[in-house]
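One structure is given below, encoded as structure tokens.
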Amino acid sequence: MYIRNAWYVACTPDEIADGRPLGRTVCGERVVIFRAEQGVATALEDFCPHRGAPLSLGSVRDDGRIVCGYHGLVMGGDGHCVGMPGQRVRPRIRSYPTIERYGFVWVWPGEKALADPAKLHHLPWAESPEWVYAGGLFHIGCDYRLMIDNLMDLTHETYVHASSIGQREIEEAAPETRVEGDSAITSRFMSNIMPPPFWQAALRGNGLADDVPCDRWQICRFTPPSHVMIEVGVAHAGEGGYAAPPEKKASSIVVDFITPETDTSIWYFWGMARNFNIGDAALTETIRTGQAKIFGEDLAMLESQQRNLSEQPRRHLMRLNIDMGGFESRRIIERLVAEENNDLLRTTPTA
Amino acid sequence: MYIRNAWYVACTPDEIADGRPLGRTVCGERVVIFRAEQGVATALEDFCPHRGAPLSLGSVRDDGRIVCGYHGLVMGGDGHCVGMPGQRVRPRIRSYPTIERYGFVWVWPGEKALADPAKLHHLPWAESPEWVYAGGLFHIGCDYRLMIDNLMDLTHETYVHASSIGQREIEEAAPETRVEGDSAITSRFMSNIMPPPFWQAALRGNGLADDVPCDRWQICRFTPPSHVMIEVGVAHAGEGGYAAPPEKKASSIVVDFITPETDTSIWYFWGMARNFNIGDAALTETIRTGQAKIFGEDLAMLESQQRNLSEQPRRHLMRLNIDMGGFESRRIIERLVAEENNDLLRTTPTA
Amino acid sequence: MYIRNAWYVACTPDEIADGRPLGRTVCGERVVIFRAEQGVATALEDFCPHRGAPLSLGSVRDDGRIVCGYHGLVMGGDGHCVGMPGQRVRPRIRSYPTIERYGFVWVWPGEKALADPAKLHHLPWAESPEWVYAGGLFHIGCDYRLMIDNLMDLTHETYVHASSIGQREIEEAAPETRVEGDSAITSRFMSNIMPPPFWQAALRGNGLADDVPCDRWQICRFTPPSHVMIEVGVAHAGEGGYAAPPEKKASSIVVDFITPETDTSIWYFWGMARNFNIGDAALTETIRTGQAKIFGEDLAMLESQQRNLSEQPRRHLMRLNIDMGGFESRRIIERLVAEENNDLLRTTPTA
């Protein structure tokens with residue numbers, strides 16, 4: 001169950017560099033992504049209309065047309081065939097609305113006519129010279145909603161990430177969840193605690209003492225179709241916490257684009273954006289490596305959770321206070337999917 | 001098709017040492033096995049009641065409670081939750097009757113109320129200071145009944161284990177099969193034959209000449225649900241064979257606990273108990289290594305036999321004289337499974 | 001969908017050398033191939049009638065009987081059991097008509113009574129002292145008809161085999177397809193072109209200049225059930241092309257026996273027969289290695305094409321002029337399969 005009429009991150013620009021086409025499945029749609037005419041990031045069905053070979057095994061010409069690697073059919077970025085051995089027919093394949101922005105290539109797997117660029121998730125930090133971003137990509141064998149649950153309840157940090165960002169006090173600070181339109185927000189604030197290793201390093205990275213009591217916060221925000229942005233940080237205690245001035249805190253945004261591949265697998269684009277010490281490339285790499293390790297710890301847990309749930313699909317799970325963030329996110333998804341289906345019914349002639 | 005109301009070997013104590021929980025599937029039931037309160041070997045569903053994560057990815061506290069590795073739910077050995085982040089609800093999961101005895105952890109996958117410790121298979125050698133035991137564990141992709149067939153007909157030794165325990169005379173000595181209550185027994189006696197390499201080594205291990213004619217015996221005993229104990233040995237010819245005095249023979253018990261995992265896979269606990277030269281640790285290891293090699297030879301055969309049978313599930317197989325041991329064992333299993341099903345029907349209200 | 005009443009290449013003699021039996025699946029039939037009495041290549045069901053173990057895990061006796069590796073049943077080459085531990089029953093298993101000829105072992109997976117040796121594909125080059133042959137075997141995960149399509153349309157050489165035999169001019173020369181009885185033939189002739197690397201080497205191998213304009217031809221001939229022989233070659237331009245005298249050309253026959261294993265996998269026996277410089281073993285090996293590399297390039301394409309088609313089984317594909325060779329081959333297969341089914345209906349009593 002996915003929201004289909006939405007922008008999903010399909011890949012990063014480096015994955016389609018040097019004229020290489022990329023085959024990837026987004027919400028069950030197998031697409032080839034490449035730079036077409038004028039270098040425009042483009043997504044087509046990964047299926048040559050001639051004999052069904054994947055276009056992603058082909059090559060991109062200098063003029064941006066993609067050439068099937070089997071018999072040489074030439075396809076334009078609009079999905080129309082523009083050349084074929086000794087023939088004049090002009091078959092076409094499906095093209096998907098695509099936007100390249102904020103350092104990502106976004107694809108709209110649903111109805112083309114509804115693809116509105118204004119609906120793209122706005123990422124102010126990605127356009128600001130005062131922020132720096134680094135991240136990575138994992139393929140994980142789980143329902144994308146299990147990853148949303150994971151990110152909307154950071155209680156698990158204490159158990160899964162005990163050596164980096166976990167600490168007992170997370171569990172003791174009750175989270176609060178609220179819904180604002182199509183967003184779900186879960187917040188947790190800890191006062192006067194010692195920062196765990198990851199945040200000690202971040203404080204040092206910002207030139208701050210790492211051995212003093214701090215206030216810590218986590219504000220997780222789900223927005224459709226499956227994005228979770230988490231404001232995280234620590235400030236020296238008594239300096240205002242979340243509202244402390246920049247020179248008293250280390251804070252950042254955990255960025256999570258969770259793109260369903262199939263019902264039980266995802267492409268997980270993760271990263272961190274920060275606005276302190278942004279010129280320090282070594283710090284950027286330290287954070288990226290640390291985050292890769294932390295998110296790698298979730299991987300085994302999510303895949304074995306999925307295996308258990310697949311075996312007992314009708315088993316009732318619990319909904320604790322800590323689960324409200326994931327629960328409200330799922331409710332938003334369910335509502336939007338239902339609306340999509342209703343729209344579909346409305347536009348289907350009834351007799 | 002398994003007998004459900006029975007004690008199966010689920011693991012050995014070393015598999016749950018050092019506070020590690022073990023995830024294992026027994027008769028289709030996915031369980032976590034660990035040492036709970038007071039170090040008591042315990043089996044629970046491997047499914048956290050909170051969000052379905054496997055408890056076997058968690059850890060065992062010093063007080064014997066198991067902590068889910070995802071969000072920290074704490075479960076007692078009885079399957080009741082005893083702690084959960086900021087909540088008072090007390091969900092529970094299924095617990096399985098468990099006994100640790102004879103160097104094995106036994107689990108009862110069926111109805112809890114019927115789990116009678118008196119029904120545990122009695123292993124006198126495991127309690128006697130005059131015997132020593134060593135063994136191992138294999139995972140094999142076959143129906144557990146194929147392994148029972150294998151062990152209840154040792155004719156295959158001549159072909160599968162030609163270099164160790166096989167010899168032409170096995171085939172020439174007709175086996176006799178009888179049924180005693182819920183047991184099936186197949187016996188084979190060979191007189192005045194030369195011992196094959198494995199038994200030459202055992203004779204030497206007992207300080208006996210290995211180059212003289214011997215009498216050899218194999219007495220295979222199936223008991224439900226799926227245990228096969230085999231008395232095997234050789235005695236110098238003319239000394240009474242099976243009844244020869246200890247100083248004239250080398251004998252032992254081949255121990256086989258065959259625990260179904262799924263319909264087409266098993267956990268196979270194999271080993272050998274002997275009552276000669278028991279202080280000789282090097283001999284113990286030699287025997288264990290030799291036995292591992294021999295039983296490893298069965299593995300490929302059983303898995304490819306299973307593949308053939310899965311492809312032709314309705315094909316009729318033959319039942320030779322040599323197959324009577326396995327045949328009678330299967331009849332006992334079928335009868336007991338039918339009785340279980342009838343009991344189930346009797347206790348189900350009819351309207 | 002296969003033609004069942006036909007001779008398929010099942011293996012090459014080296015695969016059953018030294019008394020080793022070979023397990024292989026031909027048109028969905030799992031067979032064991034071995035040298036039985038008098039060394040005659042023989043194919044039986046790979047299923048011991050006793051307990052279903054694969055006979056291919058057994059051994060072949062000096063007298064050509066195959067012995068099951070599990071319990072020692074002895075089977076003759078006619079599929080009758082000729083020995084079994086302490087029994088007189090004589091079960092039998094299916095035997096398949098088998099012929100060894102032309103350096104291949106051929107098996108008839110269909111109805112035994114219809115197996116006519118005269119229906120074996122005749123390979124004149126395999127019997128002539130003026131020709132030499134070398135080849136290999138690939139296992140590929142695709143419907144066998146995708147491989148026929150591949151070979152009956154060499155347009156793909158330009159794209160898949162760009163560095164060896166591909167060249168732009170292939171695409172520019174329109175192929176012609178005709179049907180002759182049960183054969184489909186696709187021909188393509190190119191005039192006055194420069195030879196690509198593979199053919200340059202072949203010209204040099206025949207002592208001819210490799211840097212002069214040539215005429216080039218490809219004559220692909222499909223014959224049932226799934227054989228494709230391709231006459232290929234180049235001649236110095238103006239010397240008569242295909243009809244040029246031997247000392248002015250380098251030509252050969254690409255040999256393709258495509259044996260279905262399952263609906264979506266094949267055993268692909270490929271090779272090349274040539275009649276120039278046949279004593280040059282180094283040239284033979286160079287050609288074989290080059291051909292292995294070229295055919296290996298098709299492998300990934302065919303498997304991913306199959307994956308795409310399996311996902312969209314009802315999707316309509318295109319039929320271009322270049323596809324007529326494959327199209328006509330498929331029509332012949334469909335007609336012959338329909339005839340087989342009709343024959344089957346006719347011979348089935350109706351009441």
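Just so we're on the same page: letters track the sequence lines, and every chain starts at 1. Side chains included, hydrogens not; waters and symmetry mates left out as well; all remaining heavy atoms used.
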**Request:** Quick one: do B/H50 and A/D323 satisfy side-chain contact (heavy atoms from CB on, under 4.5 Å)? Show the steps, please.
**Result:** CA-CA 9 Å; B/H50 176 213; A/D323 301 317; 2.6 Å; yes

**Item:** Over all atoms of both residues, closest heavy-atom pair of B/P54 and A/R307
**Value:** CG-NH2, 3.9 Å

**Item:** Residues of residues 178-191 of chain A contacting chain B, heavy-atom criterion under 4.5 Å, by residue number
**Value:** none

**Request:** Please report the closest heavy-atom contact between B/A53 and A/Q305, naming both atoms and the distance.
**Result:** N-CG, 4.1 Å

**Heavy-atom contact with chain B under 4.5 Å, split by part of A/A162** = neither

**Prompt:** What distance separates A/N308 CG from B/L57 CG, expressed to the nearest 0.5 Å?
**Reply:** 9.0 Å

**Fill in**
Nearest heavy-atom approach of B/Y70 to A/L302 is OH-CD2, 3.6 Å

**Option in B/S56, B/G23, B/C48, B/P49 with maximal non-hydrogen atom pairs under 4.5 Å from chain A** = B/P49

**Request:** Using the test ring pair (Phe, Tyr, Trp, His ring centres under 6.0 Å), find all partners of B/F34 that sit at least two apart in sequence or belong to another chain.
**Result:** none

**Prompt:** Side chain, backbone, both or neither: which part of A/E157 has a non-hydrogen atom closer than 4.5 Å to chain B?
**Reply:** neither

**Prompt:** If you count the non-hydrogen atoms of other residues, nucleotides and ligands that lie under 6.0 Å from CZ in A/R331, is the total more than 12?
**Reply:** no

**Prompt:** Does a sphere of radius 6.0 Å around NE2 in B/H139 hold more than 12 heavy atoms from other residues, nucleotides or ligands, not counting ones at 6.0 Å or beyond?
**Reply:** yes

**Request:** Kindly check if the number of other-residue, nucleotide or ligand heavy atoms within 6.0 Å of CD (A/E334) is above 12?
**Result:** yes

**Prompt:** How many angstroms lie between CD in A/E311 and OG1 in B/T25, if you round to the nearest 0.5 Å?
**Reply:** 7.0 Å

**Most chain B-contacting option - heavy-atom pairs closer than 4.5 Å, from A/E297, A/M301, A/Q306, A/Q312** = A/M301

**Request:** Please look at A/T158 and chain B and tell me whether the side chain, the backbone, both or neither of the residue comes under 4.5 angstrom of a heavy atom of that chain.
**Result:** neither

**From CA spacing to verdict: side-chain contact (heavy atoms from CB on, under 4.5 Å), B/F47, A/L317** = CA-CA 10 Å; B/F47 192 103; A/L317 298 181; 3.8 Å; yes

**Message:** As an exercise, state the distance from CZ of A/R315 to CD of B/E45, rounded to the nearest 0.5 Å.
**Reply:** 4.0 Å

